[in-house]
K.L.:
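Quick one: the structure is below, and I'll ask about it shortly.
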Amino acid sequence: MSRKSTKGKKKTTAKKVQKPAEVNAKIKEIKETKAVEVKVQETPVQAEKAEKTEISENRDKRDRAFVERFERHFDELKWLYIELYENDSMFAELCDNLYRFYEERRDGLKALDREREKDPSWYKSNELLGMMLYIDNFAGNMKGVEEKLDYIEKCSVNYVHLMPFLDTVEGRSDGGYAVADFRKVQEKLGTMEDLESLTESCHKKQINVCMDFVMNHTSEDHEWAKRARQGDGEYMSRYFFFNNDTIPNMYERTVPQVFPATAPGNFTWLPDAGHFVMTSFYPYQWDLNYKNPRVFNEMMYNFLFLANKGIDIVRIDAVPYIWKELGTQCRNLKQVHTIVRMMRIISEIVCPGVLLLGEVVMEPEKVVPYFGTVEKPECHMLYNVTTMATTWHSVATRDVGLLRKQLDIVNSLPKEYVFLNYLRCHDDIGWGLDYGTLGMEGKDERSHKKYLNDYFQGYAGDSVSRGELYNSDPVSGDARFCGTTASMCGVEKAGFEQNEDAMERAIQFDVMLHAYMFMQSGIPVLYSGDEIAQVNDYSYKEDWKKAEDSRYIHRGKLSWENAAKIDDPDTVEGKMFQRLSQLEKIRKEEKAFVSYADAWTMDTWDESTLAIGRYYDGDKIIGVFNFSEYDRMAWINEDDGLYEDLITGQKMQAVGVKVPAHGFYYLKKVE
């Protein structure tokens, strides 16, 4: 193994860790500040003095806000940091820099912080609706996105997730997740100044901005990696370097492979450096060594730098992988939670208006630790990945049994937990289902995965879906699926066949799935293009840099020609957009859709229909959804009076409800 630098790694003794000098001085200055009463005079000189005093006092109030937050969190932050790193000087450096980043934060962002501190549950309302988009595919660059904010606003979207935009090297970027510079925007997308302008314009429209923060690794083109490759011990210690395969082989015994077919193993040999380096994802993505406090500090500085550009929501990529330990799976280790908790504390000290969104791809009950506790929270929000995959399983099988079980688990979790719900995103669909339950129904894991992939490619089960496989492994039989929501619902097939009846059914199917997604607890997120039923884009095959990655089939450019049809009810785009707009309006107007409402599933006595109830502050709504292409009867037996369908205005009893093929109801209890 390479000799790693120990520079700056002084261990603590019994000596008490003191607050950093700069922060201590600011605390003392504020505590000694006495209120100065200024009597307003008529003369211009006195008026000018009064104005200067007011500016000074306002600055002191802002500084006091930082000091109060810092003192509130100092003891815990110190304890966690020293327990993990045993390095008081690095901790002091971190704290000094927290104040520096606070000072650099724009007044408008500080005002937003104060506003959100007064209402820390602001993101749990039924007001938020998200959309994820690629900047170049959506509008060319950041300035283009800024020019299209009226369209985003028309989509009822007030939370926009800008897919990876930091500097990367084309051809080995993994869709932007191999970052070469955390403080530079890809040149084709714009500059940091463009980012600030975009976020400022978004805030004027009350649109929140989310970005990806890739903590687990850097690109091999990052400055740290370049220096490490040249043999600089200080920078080699920021990664996992080994001069022979002894320790890498020990890791391989216990660490699963992320991409066994396209990027097997967890290490890459560097002939020019004469070392192995840990690469859990792709050979050009080098895992960072968070046992080195320098790595943690520097990545926190990058985080705060980006937060100060106006980012509201930071999506932490690949959270479970952050800490590596020999003899383990290097997943979900306790030190990961220490790091995320420290990140949350740092955020609450410097930029408390910023939310942390964790990408944790596991079942809801297993991701719960990443929320932390009420007293010691970690992530504000997490993705509801398993429910998404189970939704598409229900589509292919016309059986909602497993989905209902999944929703019951989510609904049983504390109301403080907020999930992001979605039908499709930038990534593939992995079939990480509950095979224990499916096994009891006689479904074998391998054969069932094959059926799902065959179904969504259009080969089995009377499917109308179209799409392609990703990372197919002929040995294990495993594969993931790629395609847009519209193509998976039959819009592509109906359009190709020019079948108007089939198109109406496909649009109905697509709308029903969105209506069901809106009914789940949490925040719904659209994938750009879904609002106009955009289908698969096969042109990626003509680009050598993308041809090997079938995920680009659903990463096509937004067709602004089609988007211009959203007001025309006779077009596919208009039908989809207007029906989604109706759902979005209902969700924002009905208080039962708040994320902390009571939610539960109901018996329908029909395997293809799902019923979800929501209740909050006297309002009760029942959603009924048919996952079959045939009319079904849902025997939900809510014999408690009259209900009104919020879609059509029709009044009915919620007892035996006939649901049309791929139809749905939003039934609200009538007083």
Side-chain angles (χ1 to χ4, degrees), residues 126 128-131 155-157 384 387-388 390-392 394-395 398 400 403-404 406-407 410-411 419-424 484-486 488-491 504-527 530-533 572 574-595 597 599-602 604 606 608-614 619-629 631-632 634 636 643-650 652 654 657-669:
N126 49 328
L128 276 188
L129 173 66
M131 175 183 282
C155 292
S156 301
V157 166
N384 193 353
T387 300
M388 178 276 298
T390 306
T391 296
W392 291 108
S394 301
V395 166
R398 289 82 162 176
V400 301
L403 179 58
R404 184 182 175 192
Q406 193 80 63
L407 292 172
V410 174
N411 292 334
F419 286 98
L420 259 67
N421 303 305
Y422 60 102
L423 295 175
R424 288 298 296 115
T484 70
T485 304
M488 294 175 74
C489 288
V491 172
E504 290 297 325
R505 292 193 296 271
I507 293 171
Q508 174 61 39
F509 193 2
D510 199 333
V511 173
M512 182 277 291
L513 288 177
H514 279 90
Y516 142 75
M517 178 182 70
F518 286 4
M519 198 74 181
Q520 295 179 58
S521 290
I523 301 170
V525 180
L526 305 173
Y527 185 54
D530 279 2
E531 76 280 5
I532 58 171
V572 171
K575 290 173 182 177
M576 188 70 202
F577 189 90
Q578 292 177 28
R579 293 187 68 183
L580 279 185
S581 295
Q582 182 186 23
L583 296 178
E584 291 154 3
K585 185 171 183 288
I586 291 171
R587 181 177 177 273
K588 289 185 177 182
E589 289 178 347
E590 298 294 335
K591 57 187 176 183
F593 283 96
V594 296
S595 68
W600 66 98
T601 65
M602 305 173 180
T604 64
D606 179 82
S608 296
T609 56
L610 175 72
I612 303 173
R614 297 190 67 82
D619 279 8
K620 178 181 178 183
I621 296 177
I622 298 173
V624 188
F625 310 94
N626 182 358
F627 279 71
S628 164
E629 63 269 49
D631 295 353
R632 311 292 289 204
I636 52 181
Y643 286 77
E644 178 182 352
D645 178 29
L646 296 174
I647 306 297
T648 64
Q650 177 186 358
M652 65 180 77
V657 180
K658 185 176 181 180
V659 193
H662 289 144
F664 68 96
Y665 293 104
Y666 276 171
L667 301 177
K668 182 178 181 180
K669 179 75 168 60

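Just so we're clear, the structure is a prediction, and the values are computed from it rather than from any experiment.
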K.L.:
Under the rule for ring pair (Phe, Tyr, Trp, His ring centres under 6.0 Å), what residues qualify as partners of Tyr666, not counting sequence neighbours?
P.N.:
Phe593, Phe664
K.L.:
To the nearest 0.5 Å, tell me how far Ile636 CD1 sits from Ile622 CD1.
P.N.:
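Here the rounded value is 4.5 Å.
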K.L.:
Looking at residues at least two apart in the chain, or sitting in another chain, which of them share a side chain to side chain donor-acceptor pair (under 3.5 Å) with Thr387?
P.N.:
Asn384
K.L.:
Sequence neighbours left out, what passes side chain to side chain donor-acceptor pair (under 3.5 Å) with Asp645? Give chain and number order.
P.N.:
Thr648
K.L.:
Can you sort out the partners of Glu504 under side-chain contact (heavy atoms from CB on, under 4.5 Å), two or more places apart, ordered by chain and number?
P.N.:
Lys575
K.L.:
As an exercise, state the distance from CD of Gln582 to OG of Ser156, rounded to the nearest 0.5 Å.
P.N.:
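Gln582 CD to Ser156 OG: 12.0 Å, rounded to 0.5 Å.
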K.L.:
Could I get the full list of salt bridge (charged side-chain N to carboxylate O under 4.0 Å, His left out) partners for Lys591, not counting sequence neighbours?
P.N.:
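Only Asp617 meet the salt bridge (charged side-chain N to carboxylate O under 4.0 Å, His left out) criterion with Lys591.
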K.L.:
If the condition is ring pair (Phe, Tyr, Trp, His ring centres under 6.0 Å), which residues does Phe419 pass it with, not counting sequence neighbours?
P.N.:
Phe371
K.L.:
Considering non-hydrogen atoms only, spot the tightest contact between Ala533 and Val572 and give its length.
P.N.:
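Looking at all heavy atoms of both residues, the shortest contact is CB-CG1, 4.0 Å.
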K.L.:
Taking only residues two or more places apart in sequence or in another chain, which ones pass side-chain contact (heavy atoms from CB on, under 4.5 Å) with Lys669?
P.N.:
Lys620, Asp640, Tyr643
K.L.:
State which residues pass salt bridge (charged side-chain N to carboxylate O under 4.0 Å, His left out) with Lys585; sequence neighbours excluded, sorted by chain then number.
P.N.:
Glu589
K.L.:
Going by the rule salt bridge (charged side-chain N to carboxylate O under 4.0 Å, His left out), which residues pair with Arg632 if we only count those two or more places apart in sequence or in a different chain?
P.N.:
Asp606
K.L.:
Using salt bridge (charged side-chain N to carboxylate O under 4.0 Å, His left out) as the criterion, list what pairs up with Glu584, not counting sequence neighbours.
P.N.:
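For Glu584 there are no salt bridge (charged side-chain N to carboxylate O under 4.0 Å, His left out) partners, ignoring immediate neighbours.
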K.L.:
Go through the structure and list residues passing ring pair (Phe, Tyr, Trp, His ring centres under 6.0 Å) with Tyr422, not counting sequence neighbours.
P.N.:
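Tyr422 satisfies ring pair (Phe, Tyr, Trp, His ring centres under 6.0 Å) with Tyr383 only.
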K.L.:
Going by distance alone, is a donor N or O of one side chain under 3.5 Å from an acceptor N or O of the other, for Arg614 and Ser521?
P.N.:
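Side-chain D/A pair, Arg614 to Ser521: present.
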K.L.:
Considering residues at least two apart in sequence or located in another chain, which fulfil the side chain to side chain donor-acceptor pair (under 3.5 Å) criterion with Arg505?
P.N.:
none
K.L.:
Take Thr604 and Thr609, measure what side-chain hydrogen bond (donor to acceptor under 3.5 Å, both in side chains) needs, and give me the verdict at the end.
P.N.:
CA-CA 7 Å; Thr604 64; Thr609 56; 3.0 Å; yes
